[in-house]
2 protein chains.
Amino acid sequence: MAVQLSEAPRPSPLFLREPEIRRGVELLYFGYSHLTRSIDENLAAQGLGRAHHRALYFIARQPDLRVSDLLKLLAITKQSLGRVLNELGERGLVESRTGKSDRRQRLLRLTPAGAKLEAALFDALRGRLSAAYASAGPSAVAGFWQVLEGLIPDDERERVIGLQKER
Amino acid sequence: MAVQLSEAPRPSPLFLREPEIRRGVELLYFGYSHLTRSIDENLAAQGLGRAHHRALYFIARQPDLRVSDLLKLLAITKQSLGRVLNELGERGLVESRTGKSDRRQRLLRLTPAGAKLEAALFDALRGRLSAAYASAGPSAVAGFWQVLEGLIPDDERERVIGLQKER
DNA sequence: AAAGTTGGACAGCCATGTTGACGCATTTAG
DNA sequence: CTAAATGCGTCAACATGGCTGTCCAACTTT
């Protein structure tokens, strides 16, 4: 990985070179892994998996979310999501109502039990992430957000940022 | 994001409150998802999956990596890893040698074909991540690293940071 | 009325994780 | 030297959560 500066134009600043990219790949992998693992125990105690949590999370985030919007967020097939939603429904954690303007739509929301579980799971995420935020400081957090936003393709970024507003 | 400073003791700074935590959870989820999806097509063309890529990646990163060290990095069972390593071996992408100081150990390294594939996959990751780095700027990247490091438990952080040095 | 959209359901397959049990070579401890 | 621990591989069974394909019902749009 030694470099020859003479050989070619080298427009990229240092932080775009291989070691810095690898560092990002690795930290993203390990950071994501540890954050998600922090709720596995609690989930397993309910007999649920991560797929259930993702659905719970986004339904908590946007009550009366339509199935089709949840599908776009999760980027899985409706068959996969259907299984998850059925299981959440059977356990009394999620309920669906028929849309009023378009009665084909199912609007999803958490039951009180579902909201309670989601809150407990979120607490674990908050514990981990707020510790990381606190030790890094606010301007690091801003950078953290900025880089991650840049990883999201344009067409999807709007949807993700929309989660912030619609509360 | 308006605040009431009067109402209660509020020891946490603003960036540690729920909306900021949720934002981090979501960006981490979507950012990680999109980064990993960026290599799926290439992987599928080789008949490999993400599990294979993770192994390839870390073996590329630390030639002569021991199986036990790879197990610690990946945090999966040796049975799961065994299947992946067998498949990589059958395809001529990874080879293992017997350790010289301890002959029970298998030291893993990429074959030339494996190195070529890993480099191609890394190029896709680099494309995505360097675009995000470039649009966010160097100080944002520093913050990105800092927060992610804080997500990794102390005992593992050493191992992850060690990947940087050992090149 | 015909065509398109949305969502549910059934059936099966695949990738990748899990546990548990065991074997073998090698190294280390007593 | 023998016994225990370690590193690694493997067989077998099973769980999770993706996938495709197909079909149907309900509703909206044209």
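Reminder, nothing fancy here: chain letters follow the sequence lines and each chain counts from 1.
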Original post:
Expressed in angstrom and rounded to an integer, what is the separation of Leu81(B) atom CG from dT18(C) atom P?
Top reply: 11 Å
**OP:** Using atom NZ of Lys100(B) as one end and atom C1' of dA25(C) as the other, report the distance to the nearest whole Å.
**Re:** 18 Å
Original post:
Contact class for Arg83(A) vs. all strands (heavy atom < 4.0 Å): base, sugar-phosphate, or nothing?
Top reply: base
Original post:
Separation of Leu88(A) atom CG from dG8(C) atom P, in whole Å?
Top reply: 13 Å
**OP:** State plainly whether the residues Asp154(A) and Arg157(A) are in salt-bridge range, i.e. N to O under 4.0 Å.
**Re:** yes
Original post:
Across the strands shown, which category fits Gly49(B) at heavy-atom distances under 4.0 angstrom: base, sugar-phosphate, nothing?
Top reply: sugar-phosphate
**OP:** Would you grab the first and last nucleotide of DNA chain D (5' to 3') that comes under 4.0 Å of any non-hydrogen atom in chain A?
**Re:** dG17(D) to dT28(D)
Subject >> Main-chain N/O of Pro63(A) paired with Arg109(A) side-chain donor or acceptor, under 3.5 Å >> reply: no
Subject >> For atom CG of Asp69(A) and atom P of dT6(C), their distance in whole Å >> reply: 11 Å
Original post:
How would nucleotides 19-24 of chain C be written as a contact map, 5' to 3', with B for base contact, S for sugar-phosphate-only contact and - for no contact, using protein heavy atoms under 4.0 Å?
Top reply: BBB---
Original post:
What distance do Glu20(B) atom CD and Arg17(B) atom CZ have between them, rounded to the nearest 0.5 Å?
Top reply: 7.5 Å
**OP:** For Glu87(B) and dC14(C), give me the distance from atom CD to atom P, rounded to whole Å.
**Re:** 13 Å
Subject >> SB check Arg22(A) Glu26(A) (cutoff 4.0 Å) >> reply: no
Original post:
Quick one: which of dG17(C), dA9(C), dG4(C) gets closest to the side chain of Arg104(A)?
Top reply: dG4(C)
Original post:
What integer distance in Å separates Arg54(B):CZ from dT16(C):C1'?
Top reply: 8 Å
Original post:
What is the distance from CG of Leu85(B) to P of dG17(C), rounded to the nearest Å?
Top reply: 11 Å
Original post:
About how many Å separate CG of Leu85(B) and CD1 of Ile59(B), when rounded to the nearest 0.5 Å?
Top reply: 5.5 Å
Original post:
Taking the side chain as C-beta and beyond, is there a heavy-atom pair between Leu163(B) and Gln62(B) under 4.5 Å?
Top reply: yes
Subject >> Carboxylate-amine/guanidinium contact Asp69(A) Arg66(A), below 4.0 Å >> reply: yes
Subject >> Short side-chain N/O contact from His52(B) to OP1 or OP2 of dA15(C), under 4.0 Å >> reply: no
Original post:
Taking atom types as they are modelled, is there a donor-acceptor pair under 3.5 Å from the base of dG7(C) to the side chain of Arg66(A)?
Top reply: no
**OP:** Check the pair His34(A) / Glu156(B) against side-chain hydrogen bond (donor to acceptor under 3.5 Å, both in side chains), numbers first and verdict last.
**Re:** CA-CA 10 Å; His34(A) 287 292; Glu156(B) 176 145 1; 3.2 Å; yes
Original post:
Taking the six-membered ring of Tyr133(B), is the NZ or CZ of Arg126(B) close enough (under 6.0 Å from the centre) and on axis enough (within 45°)?
Top reply: no
Original post:
Relative to the 5' end of DNA chain D, which residue comes earlier, Gly82(B) or Ile76(A), by the nucleotide with the nearest heavy atom?
Top reply: Gly82(B)
